[in-house]
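Below: one structure, written as structure tokens.
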Amino acid sequence: MQEYTKYMADRVKTMKGSAIREMFKRMADPEIISLAGGNPAAELFPGEELSKIAGKILMTSPTLALQYGTTDGYPQMKECARKRAEKVNSVGENDEILVMTGANQGIDLTAKALLNKGDAVIVENPSFIGSLNAFRAYECRLVGVKVEDDGMSMEELENALKTNKNVKMIYTIPTFQNPTGVTMKLEKRKRMIELAREYDVLVLEDNPYGDLRFSGEDVPTVKSLDTEGRVIYAGSFSKILSPGMRLGYIVAPAPLAEKIEMLKQVNDVHTPMLTQLMCVEFMKKYDIDRYIAKNRELYGKKCAKMIENMEKYFPADKVKWVAPEGGIFIWCECPSIEDITPVIDRCLEKKVAIVPGSNFAVDMFAPSNMFRLNYSSATLENIEEGVRRVGEALAELL
Ligand SMILES: Cc1ncc(COP(=O)(O)O)c(C=O)c1O
């Protein structure tokens, strides 16, 4: 086999793949209970409805569905995205909407449009690995800011803005953050906007989980508090309809949207027409908010089940967590140890998969005593059994 590293671009040499994707490879074993991924509950996918819709589209509008489409998105799909964003007051006067092949692409192309090599991006630490890797790929510096129980630390954010050169943007997942599950309180959101103005940087708000609240009160999006066009907003249909359809969107001030659109043209020309048309028809025929409400109810139940069993099976006082009010994740810390890796390995021996905290850290190579649990995809029975096995591993090793 050739030695290929010498051919590789510097920007990919140090990139480390997601531990979750690696774990997925091992998860061909049907006995493994996964509390690792971020998959929505498959039992609620509207498969029958979507199969009828897809069949009808291909019978009645084959050319539209199978021909090239426009880069910014099928007009009615753009309207669907607009409706979702307007519901949370997240479309400004001068904004354009672009349909994206998942929010992932929107985040990647926004980063591509904004970041020069060596620029700094301030991120929550920990944060979503997909975005962190996108920023890493543009050879920028990631500056991590700790996440508190009510969201990113504003003191640390201010300090990071003060002490780092060439900060272009702040990337935040303020609602039901991935991986911590926590939500940034309103005062902090307002402060973030003030700081962005003071230090003249942009904010990229990523909000794929905002619709999935099962307790507590909604908090306005950061975008809705922005009066200066500083916030770019990324939305997704992955967690409210289907991730496999790969539908997301970006709401951005027109001059930025124009550049992002050009980059999308290079990247994949346009988002697949068939899934855009399916989403449009689904939203015409069915009340998507009712469908989302069913998801919320189920996630509330699954989260309660997980916490009930964490209380029952995790060694007392050895694991700390914050109960989320929505979303799909619970973040756990084990203060008595430095490195969670042996626990993760013991869990895999017991056929349950969880994700180590290092996967979401700005410094992926530093040891972490944290891990992330997901409650959306496993059944209620598997949540109980999975948490029991994690509890056993923790009891053996802590
Ligand atoms: C915080 C966050 N942003 C973006 C995404 C990607 O969403 P999409 O499926 O729309 O690309 C995810 C997916 O897990 C996520 O957790």
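Remember, predicted model here, so these are calculated numbers, not experimental data. Start at 1 and go down the list; that is how both ligands and their atoms are numbered. Heavy-atom basis, side chains included; hydrogens, waters and symmetry copies ignored. Counting begins at 1 with the first residue of the sequence.
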Member of [options] meeting the side chain to side chain contact (heavy atoms under 4.5 Å, CB included) criterion with [X]:
X      : options                        : answer
Glu158 : Met192, Glu194, Arg191         : Arg191
Pro208 : Leu212, Asp211, Asp206         : Asp206
Met100 : Asp268, Asp108, Leu247, Ile260 : Ile260
Tyr209 : Asn178, Thr183, Ile240         : Asn178

Considering heavy atoms of the protein only, find what lies nearest to atom 12 (C) of ligand 1 and give residue, atom and distance to 0.1 Å.
Phe128 CZ, 3.5 Å
Under 4.0 Å to a heavy atom of [X] - the qualifying atoms of ligand 1, by number:
X      : result
Ser238 : 8 (P), 9 (O), 10 (O)
Asp206 : 1 (C), 2 (C), 3 (N), 4 (C)
Ala103 : 7 (O), 8 (P), 10 (O), 11 (O)

Aromatic centroids of Phe135 and Tyr171 separated by under 6.0 Å:
yes
Contact partition for [X] relative to ligand 1, non-hydrogen atoms under 4.0 Å:
X      : value
Tyr209 : side chain
Pro208 : side chain
Asn104 : both

For atom 11 (O) of ligand 1, which candidate among Lys239, Gln105, Arg246 provides the closest heavy atom?
Arg246
Ligand 1 and Asn178, any nitrogen or oxygen pair closer than 3.5 angstrom?
yes
Please report whether ligand 1 has a polar contact with Ser236, defined as an N or O pair separated by less than 3.5 Å (distance criterion only).
yes
Donor-acceptor pair between Ser51 and Glu49 side chains, under 3.5 angstrom
no
With side chains defined as the heavy atoms from C-beta onward, is the minimum distance between Arg189 and Val222 less than 4.5 Å?
yes
